[in-house]
2 protein chains.
Amino acid sequence: FSQNSDFFLRILTLKSELKKKFTCGCRYVSKAAPKTQLEYDYDGPSMKTSVPGPRSQALTKQLGEIQNVGAVNFFCNYEESRGNYLVDVDNNRMLDVYTQISSIPIGYNHPALLKLMANPNHLSTLVNRPALGILPPENFPDKLTESLLSVSPSGMTRVQTMACGSCSNENAYKAMFIWYRNKERGHNMPSDEDVSTCMINKAPGCPDLSILSFNGGFHGRTMGCLATTHSKAIHKLDVPSFDWPMAPFPRLQYPLEEFTRENAQEEARCLEETEDVIVKWRQKGNPVAGIVIEPIQAEGGDNHASPDFFKGLRNIARKHGCAFHVDEVQTGGGATGKYWAHEHWGMDDPADIVSFSKKLLTGGYYHKDELQADKPYRIFNTWMGDPSKNLLLAEVLNVIRRENLLEEVTRSGKALLNGLYDLQAQYPGILSRARGQGTFCAIDICDDATRNSILLKARDKGVLLGGCGDRSIRFRPALIFKEYHVHIFLNIFNDVLAEHK
Amino acid sequence: FSQNSDFFLRILTLKSELKKKFTCGCRYVSKAAPKTQLEYDYDGPSMKTSVPGPRSQALTKQLGEIQNVGAVNFFCNYEESRGNYLVDVDNNRMLDVYTQISSIPIGYNHPALLKLMANPNHLSTLVNRPALGILPPENFPDKLTESLLSVSPSGMTRVQTMACGSCSNENAYKAMFIWYRNKERGHNMPSDEDVSTCMINKAPGCPDLSILSFNGGFHGRTMGCLATTHSKAIHKLDVPSFDWPMAPFPRLQYPLEEFTRENAQEEARCLEETEDVIVKWRQKGNPVAGIVIEPIQAEGGDNHASPDFFKGLRNIARKHGCAFHVDEVQTGGGATGKYWAHEHWGMDDPADIVSFSKKLLTGGYYHKDELQADKPYRIFNTWMGDPSKNLLLAEVLNVIRRENLLEEVTRSGKALLNGLYDLQAQYPGILSRARGQGTFCAIDICDDATRNSILLKARDKGVLLGGCGDRSIRFRPALIFKEYHVHIFLNIFNDVLAEHK
């Protein structure tokens, strides 16, 4: 196993091995980056070809024989990627501000995770995946307590793991329907008619209940989730759906603090319409069992709402007997400077269900006691998550605590947002609506074509970004993205904007 | 890393360390088991307490504070489990004939898998989970070719990975809907009306299309899958569903070869009704875009149908322009003596889509070229599977080939089924309808209560079995279940039946 030791040695000596002066243009004038460079990180982007390079193109062609590759950006060399830097198969090294659609919590090949996985005590967890609902491993309650429950949202002591974000939301919806029907019945015993009709997909066994969601919202692509997703047609087209209601999500003006009155009006309008929709759907015999919402609409374009809006919505849910589900699949895990974006609302009882995935490495959802399914096998599947992901997550949380990463995120996020404000002032014809919480930031580009062109130009200069909504750029760095990474990004972004015709 | 070497040493010396004479009752008289004992296996069950034992009970109570534990059987010590034997936290060692709901392909802690995971070259795959649809790893096309595509069903050259069985089926359904609508349109371009209506869950954008499934079928528990699941009410109750049709699955008499005429009549009846249902649903404006069926209905009670039935069904699908989806989530991966149960039908063009999960370690589906989604992001999510599972699967397939496990399964399966026939003749008041293909076997018990009592008694004597349907026992051993394991099982099962009052 000497190879293994070599591997660590290589990581620890990377800085000296790969020392190349970072020589990007420095048109963006900012204060010097503090010297807190990560030991295992690279010291800057390094581009050898345009992206995708020739090796990526050859592999894309090869994969094209097997799958639709229309969404493939390029192929990666994950072995050589480090910290905030993703290396591709053509040896291009990019500062990664998108992190696999916001799902790499503490960067690539973090030494703590490599060490964990190299520990032979964990081999058994990697090769024997249990059916968690029937035969859990001995350390399962402890692992849940140590990982997921150590960061439980307020008021939630129960958690259910799942394999991915879609399955998490599908099962959260099921839990809300079961809860709602038991409430309607006044007890947990279904009638004979309930039992017989559900077997043939008919009411009352399969009731005409609905989940209310918001325009621009994104909650996944399986059929239950898809009925609540309203961000882009490409997700929904040609797939049968449910007659479930959609309410308006506020369209705020940024910076939020400069448009307090206008934004409050817009939010009041949306709350009023939401309540109307709930009443209307109940009247037409399709009552709303649950309301699902993202604390920041991510895929739909990084749309924010104020704590007052969410408090109002929570009250509407309570008033009309609907469960309140906060979907933190993309916002959860620390990027807003708190473990959960909804913590910024400052509520003791913010939600009935909170779902997660991505940065949490496992999917799943937290819920209040009363949302616990009353019988076994109602919320169930073979694997119900994967203990090897819980293992990694426990260590990720250790690193977050040990390195005070939430504070770092708050600090880097301020630097990022201030930088975006500055650039927006400098390029008012291109940039607008800079916004964010922590490093979970976004900015709008004048149009779709320009946005896409800027994304490609930034990539060729060594910065990997993602789009969202119609014409936004979303920033989704790892939690180890420091202030000096912000400045590397801002310098390159400034170059791209300056060159833009 | 000396611990690691110790770990292997321990496995390889297990036989001598743990040598305890297996002293079960031997009322079932059978030929002596051949001496092909696995090096890393235990030599028999060993029970210290009834199950669940005190430690399991304490842990169940602890987990009960976090989750519904109604389905939990007991807690496991996966580190100490080996080959065909599952060890629990009270140090009971059971012959596992259920294998985590049929999802442990080559037994617990197989040395080949432990070796693979201990290889430091794979650490990066374990800690950096990519968003496969946009940024695949360099070896992704090769890994797919080496693993999943090396066992492709006939006529299928394309494969899409997913995280679990439910997501696999949900996405297979979506692929069929997209294919069907493009066929209806005559091209891939949706109309403006398609695009605008899909955003609010209305036809024609979200069309009134359906998937036809069969009574007793099981395809998963997310909302699309659930609409096609008809095995037990507990799965479906209180969850809104689609108005999708259900056709009758043949109810055959066993042994199949003794009731050829009766079974052919029953299958003809079901095919006729299936065709009627397709016509009826088209007439009411909800055409069948796809037909989904298991080659052996597993969760619903191990119900078989003949190759002729499936050929007839395939022809009906073709005649009515429906896609044909064979769900091999439980039957796939070798347990029937072939990689895919549908290979027993002997067809060149058996299906349009074949889904898998469980023994394949990753979820996903194969499909014909024409079922390829026409645009990127239509079949998509963040992770779309997990390369660490592909890595394990490639090695599982190596072991299957190297050790000729499919031949072994055929041999063990014959011994198992013959043993069940013998016991059925001996206990006609308790047992009936022994049936199976390879080791994918089942037998019916006189009633539900007796079935459950037999399962518990067998467990206390060191054999772990699973139920299915109303009153069946299903056998789902790993592929390393040999003839001598069959005899260990038969002896214990015979003891349980003999003691039964």
Side-chain angles (χ1 to χ4, degrees), chain A residues 1 3-4 7 62-63 66 68 70-71 73 75-79 89 100-101 103 108 113-114 117 120 123-124 126-128 130-131 133-135 137-138 141 144 158 163-164 170 174 177-178 181 190 195 198 201 206 209 222-224 233-234 236-241 372-373 376-377 381-382, chain B residues 1 3-4 7 62-63 66 68 70-71 73 75-76 78-79 89 100-101 103 108 113-114 117 120 123-124 126-128 130-131 133-135 137-138 141 144 158 163-164 170 174 177-178 181 190 195 198 201 206 209 221-224 233-234 236-241 372-373 376-377 381-382:
Chain A
F1 296 92
Q3 265 190 66
N4 206 336
F7 192 68
Q62 190 189 344
L63 187 60
I66 302 171
N68 184 319
N73 287 348
F75 279 73
C76 305
N77 183 338
Y78 288 103
E79 288 73 21
V89 292
Q100 311 293 324
I101 319 181
S103 67
Y108 297 102
L113 298 185
L114 290 170
M117 286 293 112
L123 284 174
S124 163
L126 300 175
V127 304
N128 306 303
I134 57 170
L135 296 166
E138 180 161 18
L144 287 179
R158 304 179 82 85
C164 70
E170 288 273 339
K174 285 175 65 178
F177 289 128
I178 292 168
R181 283 290 288 152
V195 171
C198 82
N201 298 2
C206 292
L209 291 176
T222 47
M223 273 176 248
I234 193 76
K236 293 173 72 77
L237 185 70
D238 297 343
V239 184
S241 193
Q372 173 73 72
Y377 298 107
N381 60 50
T382 298
Chain B
F1 297 92
Q3 265 188 67
N4 205 334
F7 192 67
Q62 191 188 343
L63 187 60
I66 302 171
N68 182 318
N73 288 348
F75 279 73
C76 304
Y78 288 103
E79 288 74 21
V89 292
Q100 311 294 322
I101 320 181
S103 68
Y108 297 102
L113 298 184
L114 291 171
M117 287 293 111
L123 284 174
S124 162
L126 301 175
V127 305
N128 305 302
I134 57 170
L135 295 166
E138 179 161 21
L144 287 180
R158 303 179 84 83
C164 71
E170 289 274 338
K174 285 175 65 179
F177 288 128
I178 291 168
R181 282 290 287 151
V195 171
C198 82
N201 297 1
C206 293
L209 291 175
R221 292 171 171 92
T222 47
M223 273 176 249
I234 193 75
K236 292 172 73 76
L237 186 69
D238 298 342
V239 184
S241 193
Q372 174 73 72
Y377 297 107
N381 60 50
T382 299

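Residue numbers start from 1 in every chain, and the chains themselves are labelled A, B, ... in the order their sequence lines are given, proteins ahead of strands. Values reported hereafter were calculated over all heavy atoms of this structure, with side chains retained and with hydrogens, waters and symmetry mates removed.
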Query - Exercise: identify the closest heavy-atom pair between C76(B) and L135(A) - result: SG-CB, 3.6 Å

Requested in this report: With the side chain counted from C-beta on, respond yes when N68(A) and P376(B) share a heavy-atom pair under 4.5 Å apart, and no when they do not.
Outcome: yes

Query raised in the report: Can you tell which of G70(A), A163(A), P130(A), C164(A) has the highest number of heavy-atom pairs within less than 4.5 Å of chain B?
Result: P130(A)

Query raised in the report: What heavy-atom pair brings E170(B) and M223(A) nearest, and what distance separates the two atoms?
Result: OE1-N, 2.7 Å

Query raised in the report: At a heavy-atom separation under 4.5 Å, does E138(A) approach chain B through its side chain, its backbone, both, or neither?
Result: both

Report task. Find out whether P141(A) and F75(B) are in side-chain contact, i.e. whether some heavy atom of one side chain is under 4.5 Å from a heavy atom of the other. Result -> yes

Report summary line: OG1 (T382(A)) and CZ (R221(B)) are apart, to the nearest 0.5 Å, by 7.0 Å

Query raised in the report: What's the spacing between L114(A) CG and N128(B) CG if we round to 0.5 Å?
Result: 7.5 Å

Report summary line: Scored by heavy-atom pairs under 4.5 Å with chain B, the best of S103(A), P137(A), A71(A), A131(A) is A71(A)

Query raised in the report: Under a 4.5 Å heavy-atom cut-off, does chain A meet the side chain of L144(B), its backbone, both or neither?
Result: side chain

Query - Minimum heavy-atom distance P240(B)-L209(A), with the two atoms named - result: CG-O, 3.5 Å

Requested in this report: Considering non-hydrogen atoms only, spot the tightest contact between D238(B) and F177(A) and give its length.
Outcome: O-CB, 3.2 Å

Query - Side chains of L123(A) and L113(B) in contact at under 4.5 Å (non-hydrogen atoms) - result: no

Query raised in the report: Out of P190(B), G133(B), G224(B), which one racks up the most heavy-atom pairs below 4.5 Å with chain A?
Result: G133(B)

Requested in this report: Could you pull out the closest heavy-atom pair between L237(A) and V195(B), with the gap in Å?
Outcome: CD1-N, 4.3 Å

Report task. Measure the CD1-CG distance between I134(A) and N73(B) for me, rounded to the nearest 0.5 Å. Result -> 5.5 Å

Report summary line: In short, C198(B) meets K236(A) closest at the heavy-atom pair O-CE, 2.7 Å

